[in-house]
Amino acid sequence: MNKMAITGSIIAGLLVLTAICAPQLTSYDYKAQEISQRLQPPSGSHLFGTDELGRDVFSRMIYGARTSISVGLIAVFLAVLIGVGLGAIAGFFGGWIDNVIMRFVDIVLTIPTLFLILMLIVFLGPSITNVMIIIGLTSWTDIARIIRAEVMSVKKLAYVDAARLIGLRRRDIIRRHILPNIMGPVFVYMTFGISGAILMESGLSFLGLGVQPPHPSWGNILTGGKDYIESAWWLVLYPGAAIFTAVFSFNLLGEGLRDYFNPKLRKE
Amino acid sequence: MRRYIIRRLLLMIPVLLGITVITFCIVHLTPGGFVRVNMEMNTKISPDSMQKLKALYGLDKPVHLQYLDWLSRFVRFDFGHSFTDNRPVLEKVLERLPATLLLNITSLVMIFFFGTIIGVTSALKRNSPYDRIMTAVTFVGYSMPAFWLALVMMMAFAVKWPVLPVSGMTSMNFDMMSATEKVWDIARHLVMPVFITAFGGLAYVSRYVKSGMVEALTQQYTTAAYAKGLPERDIIFRNALKNSLLPVITLLGLSLPGLIGGSFIFETIFAWPGMGRLAYDAAMTFDYPVIMGTVTMAALLTLTGNLLADISYALVDPRIRYK
């Protein structure tokens with residue numbers, strides 16, 4: 001493994017750990033408002049200060065990590081499920097099935113993704129579940145294309161013929177013999193997908209189209225903070241830095257994995 | 001070549017139809033929306049007048065008939081009228097297009113200009129400290145949440161040290177300015193959004209140019225050019241750069257959807273009067289005709305852009321042309 005992948009996975013791992021251990025890391029309730037303590041700068045009792053409603057920003061940030069990480073993971077899981085499924089079917093069967101699936105991919109690719117997400121979110125209503133599902137539903141096209149190309153090249157190899165000759169069902173050939181051999185690009189895609197989903201979720205939440213308060217998200221902490229940008233810098237700095245760190249670490253991991261799975265670079 | 005173009009043009013028709021069907025379904029079949037918010041949730045409205053209102057907006061027919069209505073008007077380039085201000089949708093879309101194109105084309109030019117410079121110089125000084133710093137800087141830009149950077153920059157350069165305008169595309173007294181002042185005014189408004197967009201997009205281009213350059217410099221024709229005694233500058237710019245720019249054309253084609261659609265998150269923060277904002281406002285007010293109009297226009301322009309990118313790729317790379 002290379003340095004990028006290791007650094008990326010350490011930072012991302014810490015974030016995931018923070019998300020899991022959120023209740024252990026803070027003694028404040030992220031929803032508890034204490035108006036007399038509003039807009040307090042960072043101090044010993046409130047590590048990252050308090051927000052406009054007197055809530056502890058550190059707690060909201062930590063629970064915000066839960067939001068971001070779970071949106072990232074679930075959205076990408078959904079995208080991979082759809083993308084790998086359709087891509088593998090298109091690549092393996094070819095012919096008219098391939099044609100129909102790929103034309104559908106073309107259609108989804110041509111609608112500007114942001115418009116598609118915007119429409120779906122406004123019409124289905126903003127909520128954390130909808131954000132996960134919608135990001136998943138709009139980001140599977142790339143992975144479908146990658147998987148299709150990979151399957152098409154792998155299915156010509158001798159061991160796939162051998163599997164067919166011993167009479168395995170086509171479903172089993174795809175699942176047991178082809179997919180495990182093309183997991184490299186899937187992992188690379190997933191890490192970039194997670195950072196993309198985190199970025200998208202925070203952007204949507206920032207505009208009020210994503211995770212709804214009082215449920216915390218790095219994006220909606222920033223929404224509150226932007227009105228106090230001149231007086232309460234901590235409300236803007238910390239959530240932004242958190243989004244950047246999360247996106248950066250998963251991107252780094254993705255870069256590292258891409259090099260790792262690229263045989264040309266590995267030999268060097 | 002001509003047959004290829006005709007075939008591609010014909011293929012655009014089913015894709016465009018599919019896009020309009022999907023958009024129409026999202027707009028009309030999901031819960032919530034115009035009827036629910038403006039009529040069903042309104043307790044004062046009588047069933048009778050609700051029926052009349054639906055008929056007024058053409059929402060009383062079955063969905064598939066509404067779609068066919070829309071389609072028959074669309075082929076005549078009639079996108080209908082906005083629900084909110086009753087202006088023709090096409091007019092509303094066309095008036096927003098220049099702002100989006102201005103912002104995105106300027107950003108794209110910056111991205112490709114600086115991306116190419118960084119890519120070429122990094123390839124020439126591979127693995128040097130310069131190369132590493134540039135990789136790190138572009139990577140940071142790529143991971144940066146643009147809306148946050150926008151907030152921070154607005155705070156720094158518009159509030160704390162007011163050297164740049166906060167938002168919008170023009171100043172309040174724009175109408176009273178002379179032509180040169182107008183250009184200067186728009187240019188000042190462009191600085192922050194263009195910088196942020198370009199900073200985020202540099203990584204892609206510089207990476208492609210760099211790996212293309214590195215590959216071209218190790219090719220035999222480069223060795224041959226050195227052996228022939230050509231000056232290094234000619235080798236780099238005439239031979240290597242030309243070939244390493246090929247994938248950049250594809251990249252240009254791929255960046256078109258964003259170019260035309262614009263980003264509503266970004267445009268909302270900067271109050272930029274572009275297509276993204278129009279789509280955002282339309283979605284928020286459930287303005288069906290405007291939603292359909294923006295999505296269809298964006299898709300149409302994207303398809304045309306992709307086609308142009310493919311054609312220009314075929315034009316510069318003879319291997320594709322003769323296939």
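What you are looking at is a predicted structure, and each value in this text was computed from that prediction instead of being measured.
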Discussion item. Quick check on A/Leu252 against chain B: is it the side chain, the backbone, both or neither that has a heavy atom closer than 4.5 Å?
Written reply: both
Note, [X] side chain near [Y] side chain (heavy atom, < 4.5 Å):
X	Y	answer
B/Met144	A/Leu199	no
A/Phe104	B/Val15	no
B/Ile26	A/Leu116	yes
B/Phe147	A/Leu207	no
B/Ile291	A/Phe115	no

Enter the distance from [X]:[atom1] to [Y]:[atom2] here, rounded to the nearest 0.5 Å.
X	Y	atom1	atom2	result
B/Met284	A/Leu118	CE	CG	7.5 Å
A/Ile107	B/Ile19	CD1	CD1	6.5 Å
B/Ile265	A/Ile117	CD1	CD1	8.0 Å
B/Phe286	A/Met119	CZ	CE	13.0 Å
A/Lys226	B/Met155	NZ	CE	14.5 Å

Please check if atom [atom1] in [X] has more than 12 non-hydrogen atoms from other residues, nucleotides or ligands closer than 6.0 Å.
X	atom1	answer
A/Phe187	CZ	no
B/Gln219	CD	yes
A/Arg145	CZ	no
B/Phe24	CZ	yes
B/Tyr204	OH	no

Worksheet item: Does any pair with a residue in residues 219-241 of chain A pass ring pair (Phe, Tyr, Trp, His ring centres under 6.0 Å), and if so which ones, sequence neighbours excluded?
Response: A/Phe48-A/Tyr238
What part of [X] lies closer than 4.5 angstrom to a heavy atom of chain A: side chain, backbone, both or neither?
X	answer
B/Ile22	side chain
B/Val295	both
B/Thr294	both

Worksheet item: In chain order, what residues pass the ring pair (Phe, Tyr, Trp, His ring centres under 6.0 Å) check against A/Phe244, with sequence neighbours excluded?
Response: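 Ring pair (Phe, Tyr, Trp, His ring centres under 6.0 Å) check on A/Phe244 returns A/Phe248.
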Item to complete: Mind ranking A/Ser195, A/Gly125, A/Gly203, A/Pro239 by heavy-atom pairs under 4.5 Å with chain B and telling me who comes out on top?
Response: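 Between A/Ser195, A/Gly125, A/Gly203, A/Pro239, the count favours A/Gly203.
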Practice prompt. Among the options B/Tyr280, B/Phe266, B/Phe139, pick out the one with the most heavy-atom pairs lying under 4.5 Å from chain A.
Written response: B/Phe139
Item to complete: Using the side-chain contact (heavy atoms from CB on, under 4.5 Å) rule, take A/Phe206 and B/Ile269 through it: C-alpha gap first, then chi angles, then the decisive distance, then the call.
Response: CA-CA 10 Å; A/Phe206 176 70; B/Ile269 294 175; 3.6 Å; yes
Worksheet entry | Test item: B/Trp148 side-chain N/O and A/Val236 main-chain N/O as donor-acceptor pair under 3.5 Å | yes
Fill in: Least distance between heavy atoms, A/Gly240 atom then B/Pro145 atom
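Smallest interatomic distance, heavy atoms only, reads O-CG, 4.2 Å.
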Discussion item. For a quick test of reading the model, state the closest non-hydrogen atom pair linking B/Ala283 to A/Val122 and the distance between them.
Written reply: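 Heavy atoms of B/Ala283 and A/Val122 come nearest at O-CG1, 3.1 Å.
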